[in-house]
Amino acid sequence: MRHELEDHLRGSAVLARRFGEVFGAGELAGYLALVHDVGKGSCAWQDRLVFVEGRGGGRVGVPHKHAGTWLVHRYLPLAFGGVVFGHHGGLPDMERLKEELAHTVGDGVEAARVAEAVRAVERVVPEIHPDPRPVPPGWLRDVPPGEGRLGLDLLLRMLFSCVVDADFLDTQAHFAGGGPARVREPADMAALADRYERRRARMLEGREASVVVNGLRQRVYEQACAAASGKPGVYVLHVPTGGAKTFAAGAFALRHAAAHGLGRVIVAVPFVSVTEQNAAVYRDLLDPEPGSGQEAVVLEHHSAVDLDSGQVPDGLTQEERAQAGERARGAKLAAENWDAPFVVTTTVRLFESLFAHKPSAMRRLHRLAGSVIVLDEVQALPDRLLVPILSALRGLVERFGVTVLLASATQPSFWDVKKWQGLERREVVDSPAELFDALRRVRYEWRTDGEALLEDIAGDAAGHRQALTVVGTTGDAADFHRHLETKAVPEAAVLHLSTRMTAGHRREAITEIKQLLKSNSAVQVVSTSLIEAGVDLDFPRVYRSWAPAESLQQAAGRCNRDGRLPGPGTVVVFRAVDGHHPRSSTYRAALEASSVHFGPDMADPDDLQALERYYQLRFALQQGSPDSGLGSEIEELRCGLDFPAVDRSFQMIEDGLSAPVVVIRRERDREEIENAVTLLRDPYRPCGPEVLRGLQPHTASLPRHEAEAAVRSGLAAPVVGDLLLWQGAYHERRGLDPQEPEDRAAFSL
């Protein structure tokens, strides 16, 4: 059934207007959506459509974005035309936009096609010539010039998100049967907050912790609930590890949303493992009872698939590369748009969406307006991008009705950065220093002379009944696991955690670890830093390879977490001769600043005054001067409205880009995974975000160079965008292990 152009334009406009109304730009968003596909009214486009339909399908291949861009430029300032021009390929820079608009005037072919399309469409959709003209929000005229350019950058991103999401939803509704697009109605946040409170009380009945720890956790929770009635803005939840921060943050966010009519809570965490655990906790607290027929409240989104990626793996023929790009275009509808009241995602997904320029990454962006954003483990934000991140957050708070909650046990002093000077800071918890003293449950041992090997540390850990070791890289984790397998006592379970395991595999391993700890069984665990944020485990002894101070403290949060030991737990900080660190510049600066303030005969990592001095030095090492460093150059690109350059420059993962890899690790999952892969590979069968959502538990991560080597050797095959399907071996404990004999040669190609 053909999708009539008039219906698509009006349907998209209705949706975009609804999205834009949240931040006071409904009419503007609606108009941009109304004209986005006007170019399809030209004879050339329509004739080509008839031709490809006669062949059974395919791309029309005739440009259609210039007509809508021309209309926008006729009635609005130039920059708004980029929203329409980029609705398929991405927001352009201003020079490109000017060049393309030049083709729409004069006697050229494109100018004639634009005029023809406008004449055809205005007969059935006369509103493409608006009276009165749509106007940008008033605040855009009232801010200083520099801030105005940054405000315009953020406004254009939000409008672009409204248009592309409306475009995708209207198209999806047509292919699903022609009914109206499905958009979720606003949630009753007060009712959700009440459900949260009831279920939390029930959940705590079965938890074991010392009386002191339970009392302090309840104090944190009550203060978070009280702070939620405060006015929108930026809040700080500074709570020691083990202080029930997850419960407190969720309660604050829901109650604050209910108090101020906000429509959504978005919790962003640094690691996928935390996303999985937090989402599971919040689902238990918020989702409807099974069998109720009601929609789920909590959406877990950590898919790392880049559907817009032009980085097709090396080693493919030209035809294969073309097919990969075609599949990506066909799968755009599978991008997640966060149409849920409570979203749990990663900081990578959040901020790379905010600074992207391609449609699939940006379609969810408008959902940030009128929301509470909880940045959990906020210390993990990359220093080299702090300036644009803080600038955008401030813009969201001041212009788009957002409240931000910064939650961490190691809270950086962001107000030392110029972008947040003058911004009011609201504390959720009184006297964090008193809380830290009261919740001190460990002592530190320092073995930082650098004389030991990983094998030596494994032997030491294996001498204890229950121990957790946290190392710096996935390679070190795999090596350490091998050492533990040879040194642990026979009755001990030896487990491993890293992103080379699928999300489902990690979840199973964490569940197994919890059960072993609860039954007081012998257990040895090695993990990368993913375990340090939000993973609720309680070991009597923890080993941590030398790392930045906040990582040392976070690792310590997995030791004597519930205060059940008769004395303090033991945290051993070590340097291994054969150990490795992430190679990013931020990490190097953090290590240098840590060496100045923490170690034997110096402060412990949970000394708040030392932590504050540490962050000041860490930021200073990277800034150079008050107005440089920490990503300041990206702000200049934003002021110039150079969206592609901002996207290229803003990379949350600095060192060794990774690729998502789908793994069939159990035969019972094969049919489900293969059906999803088949659907994603078919450019002519649009699918919703639930397809990628269903693959999340089966997805692991590989450094991109390893992923490309695996494709060249036949161990992996492209699916869509940068998503791969794994066809090699998968270790039952370590996942995608490059040192396994079956795959060692292929990984090194």
Side-chain angles (χ1 to χ4, degrees), residues 3-20 25-42 44-46 49 59-60 62-92 96-97 100-101 103-104 110 113-122 124-130 133-134 136 155-175 181 183 308 329 332-333 335 337 357-363 365-366 643 686:
H3 198 179
E4 296 296 333
L5 180 58
E6 175 185 356
D7 294 339
H8 178 53
L9 294 179
R10 288 207 166 101
S12 299
V14 168
L15 291 169
R17 184 178 300 111
R18 175 175 173 176
F19 300 152
E27 290 303 316
L28 182 55
Y31 178 70
L32 295 173
L34 184 73
V35 302
H36 79 282
D37 270 351
V38 166
K40 292 182 177 179
S42 72
W45 200 93
Q46 293 291 325
L49 175 63
R59 291 185 65 210
V60 173
V62 175
H64 67 275
K65 50 197 175 185
H66 289 84
T69 306
W70 178 85
L71 279 166
V72 174
H73 183 45
R74 181 176 179 182
Y75 296 110
L76 285 161
L78 167 70
F80 293 93
V83 172
V84 171
F85 185 82
H87 73 273
H88 283 312
L91 282 167
R96 167 84 187 282
L97 186 60
E100 295 292 343
L101 274 170
H103 297 157
T104 65
E110 194 59 59
R113 189 180 294 158
V114 165
E116 180 183 65
V118 171
R119 286 195 301 270
V121 175
E122 67 188 2
V124 292
V125 189
E127 312 95 281
I128 64 173
H129 300 294
R133 301 183 181 197
L155 176 62
L156 290 171
R157 292 175 185 279
M158 284 290 192
L159 291 169
F160 184 72
S161 173
C162 292
V163 171
V164 296
D165 195 26
D167 184 16
F168 287 162
L169 287 171
D170 189 73
T171 300
Q172 186 180 31
H174 170 76
F175 282 106
V183 179
D308 293 303
R329 284 187 288 273
K332 293 289 180 66
L333 293 175
N337 73 340
H357 83 293
K358 292 295 186 74
S360 292
M362 297 182 70
R363 69 175 292 193
L365 197 57
H366 68 90
F643 298 99

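Although no hydrogens or angles enter the test, the distance criterion places a donor-acceptor pair under 3.5 Å between the side chain of Gln46 and the main chain of Lys40.
Of the candidates Leu365, Val183, Asn337, Phe19 forms a side chain to side chain contact (heavy atoms under 4.5 Å, CB included) with just one, namely Val183.
Between Tyr31 and Glu127, every side-chain heavy-atom pair lies at or beyond the 4.5 Å cut-off. Looking at heavy atoms from C-beta onward, His66 lies out of side-chain contact with Arg113 at the 4.5 angstrom threshold. Counting only heavy atoms from C-beta outward, the side chains of Arg363 and Asp167 never approach each other to under 4.5 Å. Side-chain contact between Leu101 and Phe85 is absent, with no heavy atoms from C-beta onward closer than 4.5 Å. Trp70 has its side chain within reach of Arg74: a pair of non-hydrogen atoms, C-beta onward, lies under 4.5 Å apart.
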Q: Under the side chain to side chain contact (heavy atoms under 4.5 Å, CB included) rule, what do Arg157 and Phe643 come out as? Steps first, then yes or no, please.
A: CA-CA 9 Å; Arg157 292 175 185 279; Phe643 298 99; 3.5 Å; yes
(Q) Quick one, Arg119 with Glu116, criterion salt bridge (charged side-chain N to carboxylate O under 4.0 Å, His left out). Give me CA distance, side-chain angles, the key distance, then yes/no. (A) CA-CA 5 Å; Arg119 286 195 301 270; Glu116 180 183 65; 5.5 Å; no
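Here Arg96 pairs with Glu100 under the salt bridge (charged side-chain N to carboxylate O under 4.0 Å, His left out) rule; sequence neighbours left out.
The distance from atom CZ of Arg17 to atom CG of Leu32, rounded to the nearest 0.5 Å, is 11.0 Å. The structure places CG of Asp170 at 10.0 Å from CG of Asp37, a figure rounded to the nearest 0.5 Å. Atom NE2 of His87 is separated from atom OG1 of Thr69 by 8.5 Å, given to the nearest 0.5 angstrom. To the nearest 0.5 angstrom, Ile128 atom CD1 is 5.0 Å from Leu71 atom CG. Atom NE2 of residue His8 and atom NE2 of residue His174 lie 10.0 Å apart, to the nearest 0.5 angstrom. Note that CE of Met158 and CG of Leu28 are 13.5 Å apart. Values are rounded to the nearest 0.5 Å.
Ring-centre distance between His88 and His36: not below the 6.0 Å cut-off. With ring centers used as reference points, Phe80 lies 6.0 Å or more from His73.
Nearest approach of Ala120 to Gly41, heavy atoms of both residues: CB-O, 3.7 Å.
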